[in-house]
Amino acid sequence: MYIRALLCGVVMLVSCRGGNEPSPADDSAVGEDLKVPTEITEKFVPTRWGEADRINLNLDFKAEHRPADDDGVCVRITYRPHEQHWGAVYWQTKKELGVRKPVRFPAHSRIAFWARGETGEEVVEFRMPADPSSELLTHGELAHLGTQWKHYELEIGERAGKPVTGVFGVRWKCVTDQNERGLTFYLDALRIE
């Protein structure tokens, strides 16, 4: 009897919900529109994935920088594999009451940044805006980092206007012939333009 009453209540609640109300998955109803330019390291928070406890993340590392850098610091990421042999860092929206509020990229926007490796042997994948829990399972284009700073740009393209909680990520694997003993690399001037 109790179960039947509960089911009837659920059916009534679902049937009373109007078809004109925006659902959380409705692209036009969810997400704050980002203003550009936006500094990723100032507005968003980094989250470690994979063997998270093996990732050393320093957001204020003082190192040799490219000549145009005026703040004197960059992001340094170091990883030493243990069991899973992969890791990632994804910048996401901040949590409000335990939930990440989505954002939407404007049309024709891009992510621009500088990167370099410690030894020039580092291989990573730069990740686009998305939900990190699904994005990190896909394969991306490999970037072979040299020891000199190199400028990168990722066009947002069809992801513009869609709500996302993750704005930029970098993923790596430590396998034969690729970061076998771990890696150290640097990111600088992470911006949405």
Side-chain angles (χ1 to χ4, degrees), residues 22-57 59 74-79 81 84-117 122-145 150-175 178-179 183 185-193:
S23 70
D26 183 353
D27 290 357
S28 64
V30 179
E32 167 195 347
D33 290 325
L34 283 175
K35 307 288 186 245
V36 290
T38 296
E39 298 288 333
I40 291 175
T41 55
E42 291 176 12
K43 183 168 174 71
F44 303 99
V45 294
T47 308
R48 296 170 179 90
W49 293 75
E51 287 190 297
D53 59 333
R54 309 291 293 181
I55 301 170
N56 184 331
L57 179 64
L59 299 174
C74 65
V75 175
R76 179 181 188 221
I77 299 172
T78 301
Y79 170 77
Q84 292 179 334
H85 297 275
W86 76 277
V89 176
Y90 220 115
W91 275 263
Q92 296 183 272
T93 57
K94 296 176 182 175
K95 285 187 177 180
E96 295 178 20
L97 300 174
V99 176
R100 295 192 190 280
K101 183 180 177 186
V103 293
R104 293 184 299 171
F105 282 76
H108 311 295
S109 57
R110 67 179 179 260
I111 298 170
F113 58 98
W114 292 80
R116 76 172 180 89
E122 293 80 5
V123 180
V124 300
E125 298 172 29
F126 297 120
R127 312 306 292 194
M128 295 288 284
D131 171 17
S133 61
S134 60
E135 173 73 3
L136 291 173
L137 300 176
T138 63
H139 294 286
E141 188 173 330
L142 298 179
H144 297 264
L145 302 179
K150 181 179 175 185
H151 190 255
Y152 291 86
E153 290 185 358
L154 304 175
E155 297 293 330
I156 301 304
E158 63 186 33
R159 299 181 191 211
K162 296 181 180 175
V164 293
T165 57
V167 296
F168 170 76
V170 58
R171 180 183 192 266
W172 59 86
K173 292 188 287 189
C174 294
V175 294
Q178 192 180 118
N179 309 316
L183 72 165
F185 63 98
Y186 305 87
L187 301 171
D188 199 11
L190 283 159
R191 291 190 185 99
I192 300 166
E193 300 176 343

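The first residue in the sequence is number 1, and the count goes up from there.
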query: Is R171 close enough and on-axis enough to W86, meaning under 6.0 Å and within 45°, for cation-pi?
result: yes
query: Within 45° of the six-membered ring axis of Y186 and under 6.0 Å from that ring's centre, is NZ or CZ of R116 located there?
result: yes
query: In terms of heavy-atom contacts, does NE2 of H108 have more than 12 from other residues, nucleotides or ligands at under 6.0 Å?
result: no
Work out which heavy atom in [X] is nearest to a heavy atom in [Y]; give both atom names and the distance.
X    : Y    : value
E51  : H85  : OE1-N, 3.3 Å
Q92  : P132 : NE2-CG, 3.4 Å
P102 : V30  : CG-CG1, 3.3 Å
V123 : L183 : O-CD1, 4.3 Å

Answer yes or no: is there a side-chain heavy-atom contact under 4.5 Å between [X] and [Y]?
X    : Y    : answer
W49  : Y90  : yes
L34  : K43  : yes
P46  : L59  : yes
T41  : V75  : yes
V167 : V103 : yes
I77  : V89  : yes
W91  : V45  : no
R54  : P81  : no

- prompt: With the threshold set at 4.0 Å, does a side-chain nitrogen-carboxylate oxygen contact exist between R191 and E153?
  reply: no
field: SB check E135 R127 (cutoff 4.0 Å)
entry: yes
Quick one: pull up [atom1] in [X] and [atom2] in [Y] and give me the separation to the nearest 0.5 Å.
X    : Y    : atom1 : atom2 : value
L187 : W114 : CG    : CH2   : 13.0 Å
D33  : R104 : CG    : CZ    : 4.0 Å
K173 : N179 : NZ    : CG    : 10.0 Å
L190 : E42  : CG    : CD    : 11.0 Å
I156 : E193 : CD1   : CD    : 10.5 Å
L142 : Q178 : CG    : CD    : 5.5 Å

- prompt: So, T93 side chain and K101 main chain: donor-acceptor pair closer than 3.5 Å or not?
  reply: yes
- prompt: Between F168 and F44, does a side chain to side chain contact (heavy atoms under 4.5 Å, CB included) hold up when you go through it step by step?
  reply: CA-CA 9 Å; F168 170 76; F44 303 99; over 6 Å; no
field: Near-ring test Y79/W172, centroid separation under 6.0 angstrom
entry: yes
- request: List the steps, then state whether side chain to side chain contact (heavy atoms under 4.5 Å, CB included) holds for V164 with R159.
  value: CA-CA 9 Å; V164 293; R159 299 181 191 211; 5.7 Å; no
query: Taking the inter-plane angle between the rings of Y152 and F113 on a 0 to 90° scale, is it parallel (under 30°), tilted (30 to 60°) or perpendicular (over 60°)?
result: parallel
